[in-house]
Amino acid sequence: MIVFVLKRLGSAVLTVALSSLLVFFAVQALPGDVAVQVLGRDATPEAVAALREQLHLNQPAWTRYLSWIGSALHGDLGTSLVSGNAVAANLGLHLRNTLLIAVVTVVVAITSSLVLGVVAGLHRDRWPDTVISWLSLVGMSVPEFVVATLLVLIFSVTVPILPAVVLDGPNASVAELLPAIWLPAAALGVVMAAYIVRMARTSVIDVMASEFVTTATLKGLTRWRVVTRHALPSALLPTLNVIALNVAWLVGGVVVVESVFNYPGLGKLMLESVYDRDLPMLQAIALVSAAIYVVCNLAADLAAMALDPKLRTGRRTATR
Amino acid sequence: MEDRACPPGGGRIQRRTLLGAGLGLVGASVLAACGASGAVAPLPATAATGTPDRGGVLRIARPPASSAETLDPASSLSAYEYLGALYSKLVRGAPDGSVLPDLAESWESDPLGVRWTFRLRRDVTFHDGRPFTSADVVHTVARILDPATSSPQRGVLSPLLDPSGISAPDAVTVVFELKAPNAEFPSLLTAYQCYVVSEGSPIGVGTGPFRLESFTAAGRGRVVANPDHFAGRPVLAAIEYYSISDMQARANALLAGQVDLLAQTNLDFVTARVINASSRATIARSANAQWYGLPMLCTAAPFTDPLVRRAMKLAYDQDSVFKLAIQGAGSVGNDNPVPPGNAVWTDYRVPRDPDRARALLKQAGHDGLQLDVYTSSYDPIFTPMAVAFADSVAEAGIRLNVRTASSDSYFSQIWMHQPLCATYWYTGRPVDQLLNQIFRGGSSYNETAWSDPAFDAMLDAARREMDAGRRRTLYQDAQRYLVDNSGSITPMFADRLVGLSREVVNYAEHGFEFDYLNIGLVRRSS
């Protein structure tokens, strides 16, 4: 088991390292000379040359990568080309704002979608299943920006109870942001929940048809006990990875939804950094997102191991 | 605001046109259902006027220039919407291109147009209480000329003026000694980089109708009425500014009543109709505010050949482009970059003649010309304009392939690099600046790279001419020469469709002038 965990950790570190490489060179490949893009059209040739020098753009990409990753390992993500402030502080602020939405979305969407998925699975082909399946199909098919716009039209324009956009900047306090997080969270929740509902439904159906559930039922256990004690832990297993990917997607910043709500999170910061060609900022965001994906997947794998006796003990039987 | 056409935020983070249209349609249907009226109301032609309530707070949503934007008017990254509220200029531009007094009461030049003397108002103080004097004007213009400031207006003023040429004989007189005669010099001081700042006060302190209370780059800010403003107290008590990059988000904020006015936002027609159909907001226009064009790069094949350039202009149907791309909301362009309404504008127009275009192409050896025309989602009009243009030149045997390029690098990778692309500028440049900055051989904004000594000589002659009537004739000759020879295709000028609350009255904006003094709010009792 320890070997498994160590292997998994090793591959996680390797993934982050490889993605840092990919991120760095992908950012370098963005169209347009960085210095020209940063300084805008009014830049004089001398100013462009000076910025190229300052960014070490005249050095080979490998040298620049090594020095970037070297400082990143020491926690120094560089300074923003646009504002001149430390990348880490600004990134942290936006990450906090994104986390605020992510936590609400994750708690509400995962809980409700698991419940809905299980209910649908237990009532296969009867009306609760039909309704839930249809709703989740709609949720899956409609893009999140359309959901966002509909929510704005309903809850901000027609019945004005929630703000349509965030008017505050990234340094707003949590209390100031609080009224504004519900619509983005709802828009994301709808899209995210749809996938989890489908996944949970399918695995509940699979598990309920399996022999050990039949055995448990034949032993005379109540349906409630069969479902909660025997079926659910196994049924949740395949759902875990879907949940992990969704959480990573949320925490990594959701560009379109944050942009529509003018929400000062990681996704909006990423979009602005692309437009401003703020390379240090962009690299840092991509690296943090990659790390979040890896951590979420790792967490899902470890949780799966905790839930699944076969995974937990498999290693031992193999070495025997 | 960058000096481009590009209000950086305005288009920086523009939604995809299709995407925006899709959202608009969803909105339109929902609102139509709410309003229970099937017919779509036409977009209003003029902004609401009336007697505003005293006081009130106007909330403006604006696209941030950059996360490094500043209140320094001379900078290329100035937060444009704050400037007119906080500062005043020596002179203002009128809608017809003439020059009106502001901080300067009057001005005159010697008979040659070399030595210009401006007399200043005596009753003006900066927001921090310091009196406004000629030294502040000297400081402001010298700063623009200083290469270290990297002001976009430096390229316009530095060929005419050295810092040593500016002097202040007394506290209310400023003298500019030009390097060469220029009859249009005062008009060059109407640019929005020329707002007067004080040497002894921090940036943000001006002489304008509002005082700065707070400002955050790419964030929110607030200015409050300046009761001591020399032209009177403004109607509003305060203005609050909010940065919203996404155009759809700005429109949503207006629909939800979170803001009252969308600055630097040319709404697409679908969104404009949705806003106009709502009970809370409506549309006003800034007439002919956007100059749309398809510059042909004269240094790239096939446009190195003047015959091909002429053929392109003869081949397309500007009326159909005008109708299809902007639904007639504006004026046809006649391939003349000077907007109609300018006092020196000429109605010269070369009628369309696709047969002659075909013959010219044959003569130039470009029979069956095939080309790419580039567009992007940077602006909602680009693609409809390019498509309508490509469609109408087909009649002359020209096959244009419309290609969409990424909007974030459009102005660094496509514009001035590809032989043919869509572009736009804000109108509002004085005619001398417009023609010299964009059409003189070798100038930095010369998007067609057209260089014609005969045309440059016409501009010089116009600058030297001190008689206004004769100067007008010279500028009109220059326009005709441009229409016949340049690489610039101008199908139209479009009205900017501005979204604003139905409570806003006396909104007036033309070129780079916004009336912050008289705009006000009327609380509706509903």
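So you know, we letter chains A, B, ... as the sequences are listed, proteins then strands, and number each from 1.
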What one should report as the nearest heavy-atom pair of B:R280 and A:S156 is NH1-O, 4.3 Å
Quick check: closest heavy atoms across B:S243 and A:N262, and the distance to 0.1 Å? O-ND2, 3.0 Å
Distance check, rounded to the nearest 0.5 Å: A:E258 atom CD versus B:D246 atom CG? 12.0 Å
How long is the gap from OH on A:Y275 to OG on B:S407, to the nearest 0.5 Å? 3.5 Å
Quick one: salt bridge (charged side-chain N to carboxylate O under 4.0 Å, His left out) pairs with a partner in residues 75-103 of chain A, sequence neighbours left out? none
Side-chain donor-acceptor pairs of residues 161-175 of chain A under 3.5 Å, sequence neighbours excluded:
from   : atom 1 : to     : atom 2 : distance (Å)
A:D168 : OD1    : B:R220 : NH1    : 2.4
A:S173 : OG     : A:E176 : N      : 3.3
A:S173 : OG     : A:E176 : OE1    : 3.4

Looking at chain B, which one of A:V274, A:V152, A:I154 has the largest number of heavy-atom pairs inside 4.5 Å, strictly under? A:V152
Does the side chain of B:S67 reach to within under 4.5 Å of the side chain of A:M281, using non-hydrogen atoms? no
